[in-house]
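Read through the structure below, which is laid out as structure tokens, and then see the notes.
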Amino acid sequence: MATNNWGIIFLLAMLATISTSVSEKSSIPPEYYSGSSISPEYYSGSTIPLSKSAIPGDKGSPSSSGSGKEFVVGDDKGWTKNINYIAWATDKEFCVGDKLIFKYPVGKHNVIQVDRAGYLGCIIPSTKPLETGQDSVTLDSPGRKFFICGIEKHCMECDMKLYVDVKAPAPIASSGGASPGSGKEILVGDDKGWTKNFDYQAWANGKEFYVGDTLVFKYPPGEHNVLYVCGKVFQSCYIPQHFEALALKSGNDKFLLDKPGKQHFVCAIGGNGKHCEAGMKLCIDVLPAPPTPTPIKGTRKLASTKNLSYN
């Protein structure tokens, strides 16, 4: 009889634990956890290429095969615990065709490519990880790519997680419109920069933003950041804490506008969207790239009238 009582007590304890876990997760709307339940624009960088350095460039060495470059993740530190891989990737430019090389002692770590939800929550998928100790991953498509270590709590507690923004191959310029990056740079807030208690919608009124233009957010590093979000997050200023990992924070962040339509930006610092609620939010309407004027062939240059006199 005593054995049965202990069995019932154990079962009730397990049910209570499961209930607590479910209630904690349900306090955040499901669209913040699952990348598949919302549009890709929900997350920073999914549709706008990010140039996270004031001077474009990278520290990669030329690849021995193909036209891409090879990047050893973490440089001489390799793929290990307690390294800030977001900072490592900040000043690098990754393009389609480049390779990421993950170096680590065999058996101590591994590498798994995951989606946004997997990165944010350190969710380990059922797919087989890479575990050779010298894993090579070819970046074969543009967009944001996410990687974690799938061993024990290396991702959650030791920061073994990495995301990179992969740029598409440079398009061939044509007379039909401006190519990405061929537009103008627009300093958000002008001389005020990116700060609290400023009306960015009033600042944007009357300005025209085109595909190919670049927004530049300037602020003291550590005081603010910039996160590209969807309209729902923009309106509510509800920003889960783990979204901050996807924000840019160099103090001189550049966003290339590569598609028409409304684009939304917020500051994710402050907890519960405090900086966002203090006015650090911007919505702009991006227009298609204006056509490049094409010279008319067969015309002659008219003579200047500067030195003509009429007597």
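Bear in mind that the values here come from a model prediction, so they are computed numbers and not experimental data. Both backbone and side-chain heavy atoms feed into the values below; hydrogens, waters and symmetry mates do not. All residue numbers in this chain count up from 1 along the given sequence.
The SG atoms of Cys158 and Cys149 are placed at least 2.5 angstrom from each other.
Both Phe265 and Ile186 are members of a single hydrophobic cluster when ILVMFWY side chains are connected at heavy-atom separations under 4.5 Å. Follow the hydrophobic side-chain contacts under 4.5 Å out from Leu282 and you never reach Val216; the two are in separate clusters. Hydrophobic cluster membership differs between Val137 and Ile151, with clusters built from Ile, Leu, Val, Met, Phe, Trp and Tyr side chains linked at under 4.5 angstrom. Note on Phe255: it does not cluster hydrophobically with Tyr210, by side-chain heavy-atom contacts below 4.5 Å among ILVMFWY residues. Put simply, Leu130 and Leu139 are part of the same group of oily side chains (I, L, V, M, F, W, Y) that touch within less than 4.5 Å, one to the next.
Contact between Leu248 and Tyr219 at its shortest, heavy atoms only, is O-OH, 3.2 Å. For the residue pair Leu256 and Asp213, the shortest heavy atom distance occurs at CD1-O, 3.6 Å. Taking each heavy atom of Ile124 and Glu152 in turn, the nearest pair found is CD1-O, 4.4 Å. Of all heavy-atom pairs spanning Val286 and Gln263, the tightest one is CG2-CG, 3.5 Å. Of all heavy-atom pairs spanning Met160 and Thr80, the tightest one is CG-O, 3.2 Å. For Lys218 against Asn252, the heavy-atom pair with the smallest separation is CE-OD1, 3.1 Å.
Of the possible polar contacts, none joining the Asp75 side chain to the Lys77 backbone as a donor-acceptor pair under 3.5 Å is found.
Note: Phe217 CZ to Thr195 OG1 = 13.0 Å, rounded to the nearest 0.5 Å. For the atom pair Met156 CE and Lys161 NZ, the distance stands at 7.0 Å (nearest 0.5 Å). Here CG of Leu215 is found 4.5 Å from CD1 of Ile284. Values are rounded to the nearest 0.5 Å. For the atom pair CG of Asn225 and NE2 of His275, the computed distance is 9.0 Å after rounding to the nearest 0.5 Å. Separation of atoms CG (Asp140) and CG (Asp98) is listed at 11.5 Å; rounding is to 0.5 Å. Atom NE2 in His224 sits 12.0 Å away from atom CG in Asp253 (nearest 0.5 Å).
At a threshold of 4.5 Å between non-hydrogen side-chain atoms, the residues Lys167 and Asp165 do not count as touching. The shortest distance between side-chain heavy atoms of Phe102 and Phe147 falls below 4.5 Å. Side-chain atoms of Lys196 and Lys274, non-hydrogen and from C-beta on, never get closer than 4.5 Å to each other.
The aromatic rings of Tyr200 and Trp194 sit tilted relative to each other, their planes meeting at an angle between 30° and 60°. In this pair, His264 and Phe234 present their aromatic rings tilted. The plane angle is within the 30 to 60° band. Ring planes of Trp88 and Phe94: tilted class, angle from 30 to 60°.
Counting only N and O atoms by type, the side chains of Lys145 and Ser141 include a donor and acceptor under 3.5 Å apart.
Pairs engaging residues 103-114 under the side chain to side chain donor-acceptor pair (under 3.5 Å) rule: Tyr104-Asp135, His109-His154 [sequence neighbours left out].
Applying the side chain to side chain contact (heavy atoms under 4.5 Å, CB included) test to Asp190 and every residue at least two apart in sequence or in another chain returns Trp203, Lys207. Looking at residues two or more places apart in sequence or on another chain, you find a side chain to side chain contact (heavy atoms under 4.5 Å, CB included) between Thr127 and Ile112, Pro125. In this structure Asn84 satisfies the side chain to side chain contact (heavy atoms under 4.5 Å, CB included) test together with Ile86, Ala87, sequence neighbours excluded. With sequence neighbours left out, Cys276 forms a disulfide (SG to SG under 2.5 Å) with Cys237. Applying the side chain to side chain contact (heavy atoms under 4.5 Å, CB included) test to Pro260 and every residue at least two apart in sequence or in another chain returns Val211, Pro288.
The environment of Lys249 atom NZ is dense: over 12 non-hydrogen atoms of other residues, nucleotides or ligands sit within 6.0 angstrom.
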